**Student:** 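Once you've had a glance at the structure underneath, I'll fire off some questions.
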Protein chains: 2
Amino acid sequence: MHAIEEILRKKKIKVTPQRMAVYSILKQSKFHPNVEMIYQKLKPDFPAMSLATVYKTMDVLKKVGLIQELNVGEGGLRYDAQIRPHSHIYCKNCGKVVDVDHFPLEELQDSLLEKVKEETGFNILFVQLYFFGTCPECNDKKELLEASS
Amino acid sequence: MHAIEEILRKKKIKVTPQRMAVYSILKQSKFHPNVEMIYQKLKPDFPAMSLATVYKTMDVLKKVGLIQELNVGEGGLRYDAQIRPHSHIYCKNCGKVVDVDHFPLEELQDSLLEKVKEETGFNILFVQLYFFGTCPECNDKKELLEASS
DNA sequence: TTCATAATTGATAGCAGTTATTACTTAAAA
DNA sequence: TTTTAAGTAATAACTGCTATCAATTATGAA
């Protein structure tokens, strides 16, 4: 039995094929898909699945702490099955979201959270750090375009 | 003439009373309003103003670099006339957005941006750091409720 | 295994935030 | 002052998401 099954059963949440499939897609993919992307990926195996089910599943998985939500300002949300704190970088050109693995978000959180708590009086639950820019692939394409003009 | 007027004229963007009013509200308020809040504040002085005009004005002001957009995952966006890099903290209970002035986002940006550029190959344009939690006022209210139960 | 039932799913209507369109109006260059 | 490119108001349309509800299914008890 997979870890996800145990976690869901423990919380009296039903283990359904749809939920397993959504989580499996998220676990596999590195590009941090949004609901629409997940829906499209599921279509071949679950032609009857509804978009609403994907939305509801994201909600369930988030609530039990199996995934985290990313908001890169696209309108829709992106999802990540890696729940360890880490930051993300977003390509404003092609929409790609990439993990920034070696960026010290964990240390940052440990060492500086207290300072921010003192300054603001807030009880801090979590931190999100986003970098925005353009990815190497898009930069290369742009250079090619400029060179040819 | 105000700085904003000069900046707009330099870019051949017309200086209109609506634009001045929107910017003035943003400059005054510390609570990082969203479009709806700005619209409501403007109503007494500009009863004829359309919501669409506020949206378009936010767009113009953002493009000329007079304001920055904040995305705290509410659906709508929040706006800040303080464009110097700084981080924000969001109360998940009451929706308040507060500046975290002394958090070292500027130093962070200077010292660590290069590392992230190397790791990812991205060209980085800007960084956004959000803290999420509950504000002192909401925490106090909760304590009172618990004490009285 | 079968059954009862509460949770989940799929289909769809509805909602909120945002954008597009268009006819009218205005700021500002000539 | 006149001209006109740009902006505004009103509103229709679009998008991401949520609510609703009848049909279906996972799960625990018999």
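Not measured: the values here are computed from a predicted model. Residue numbering restarts at 1 for every chain, and letters A, B, ... go by the order of the sequence lines.
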**Student:** Could you tell me the boundaries of the chain A footprint on DNA chain D, defined by atoms under 4.0 Å from its heavy atoms?
**Tutor:** D:dG16 to D:dT27
**Student:** Is B:Tyr23 close to B:Arg19 at the side-chain level, that is, under 4.5 Å between some pair of heavy atoms?
**Tutor:**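 No. Closest side-chain heavy atoms not under 4.5 Å.
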**Student:** Give the rounded distance in Å between these two atoms: NZ of A:Lys14 and P of C:dT5.
**Tutor:**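 Roughly 13 Å, once rounded to whole Å.
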**Student:** May I ask you to evaluate whether B:Gln18 reaches the phosphate of C:dT26, defined as a side-chain N or O under 4.0 Å from OP1 or OP2?
**Tutor:**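 For B:Gln18, the contact criterion (side-chain N or O under 4.0 Å from OP1 or OP2 of C:dT26) is not met.
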**Student:** Measure across B:Glu69 and B:Gln128 and return the closest heavy-atom pair with its distance rounded to 0.1 Å.
**Tutor:** O-OE1, 3.3 Å
**Student:** Is a side-chain N or O of A:Asp99 found less than 3.5 angstrom from the main chain of A:Asp101, in a donor-acceptor match?
**Tutor:**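 No, A:Asp99 side chain to A:Asp101 backbone: no donor-acceptor pair under 3.5 Å.
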**Student:** Is A:Thr53 near enough to C:dT8 that one of its side-chain N or O atoms lies under 4.0 angstrom from OP1 or OP2?
**Tutor:**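 Indeed not, no polar side-chain atom of A:Thr53 lies that close.
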**Student:** Please report the distance, rounded to the nearest Å, between CE in B:Met20 and P in C:dA27.
**Tutor:**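 Atom CE in B:Met20 sits about 13 Å away from atom P in C:dA27.
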**Student:** Nearest nucleotide by nearest heavy atom, which residue falls closer to the 5' end of DNA chain C, B:Lys12 or A:Leu51?
**Tutor:** A:Leu51
**Student:** Please name the pair of heavy atoms, one in A:Gln68 and one in A:Gln82, separated by the smallest distance, quoted to 0.1 Å.
**Tutor:** NE2-O, 3.0 Å
**Student:** May I ask you to say what A:Pro17 touches in the nucleic acid, namely base, sugar-phosphate or nothing, with a heavy-atom cut-off under 4.0 Å?
**Tutor:**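 Sugar-phosphate only.
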**Student:** What is the nucleic acid contact for B:Lys56, judged by heavy atoms within less than 4.0 Å: base, sugar-phosphate only, or nothing?
**Tutor:** base
**Student:** Find the distance B:Arg78:CZ to C:dT18:P and express it as a whole number of Å.
**Tutor:**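 Between P of C:dT18 and CZ of B:Arg78: 12 Å.
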**Student:** Rounded to whole Å, please give me the gap between OH in B:Tyr39 and C1' in C:dT19.
**Tutor:**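 After rounding, the gap between these two atoms is 16 Å.
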**Student:** Under 4.0 Å, heavy atoms only, any strand: does A:Ile13 hit a base, just the sugar-phosphate, or nothing?
**Tutor:** sugar-phosphate
**Student:** Got a second to check how far A:Leu26's CG is from A:Ile38's CD1, nearest 0.5 Å?
**Tutor:** 5.0 Å
**Student:** To the nearest angstrom, how far is A:Arg19 atom CZ from C:dT8 atom C1'?
**Tutor:**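 After rounding, the reported distance stands at 6 Å.
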**Student:** For a 4.5 angstrom cut-off between non-hydrogen side-chain atoms, does A:Leu125 reach A:Asn123?
**Tutor:**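 Result yes, sub-4.5 Å side-chain heavy-atom pair found.
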**Student:** Can you measure B:Asn71 atom CG to C:dG17 atom P for me and round it to whole angstrom units?
**Tutor:**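 To the nearest whole Å, that distance equals 14 Å.
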**Student:** Return the value, rounded to whole Å, for the distance between atom NZ of A:Lys43 and atom P of C:dA11.
**Tutor:** 11 Å
**Student:** Are the side chains of B:Thr53 and B:Tyr39 in touch, meaning some heavy atoms are under 4.5 Å apart?
**Tutor:**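 Contact flag for B:Thr53/B:Tyr39 side chains = no.
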**Student:** Tell me which of B:Ala48 and A:Gly75 sits closer to the 5' end of DNA chain D, going by the nucleotide each one is nearest to.
**Tutor:** B:Ala48
**Student:** Rounded to whole angstrom units, what separation is found between the CE atom of B:Met58 and the C1' atom of C:dT19?
**Tutor:** 16 Å
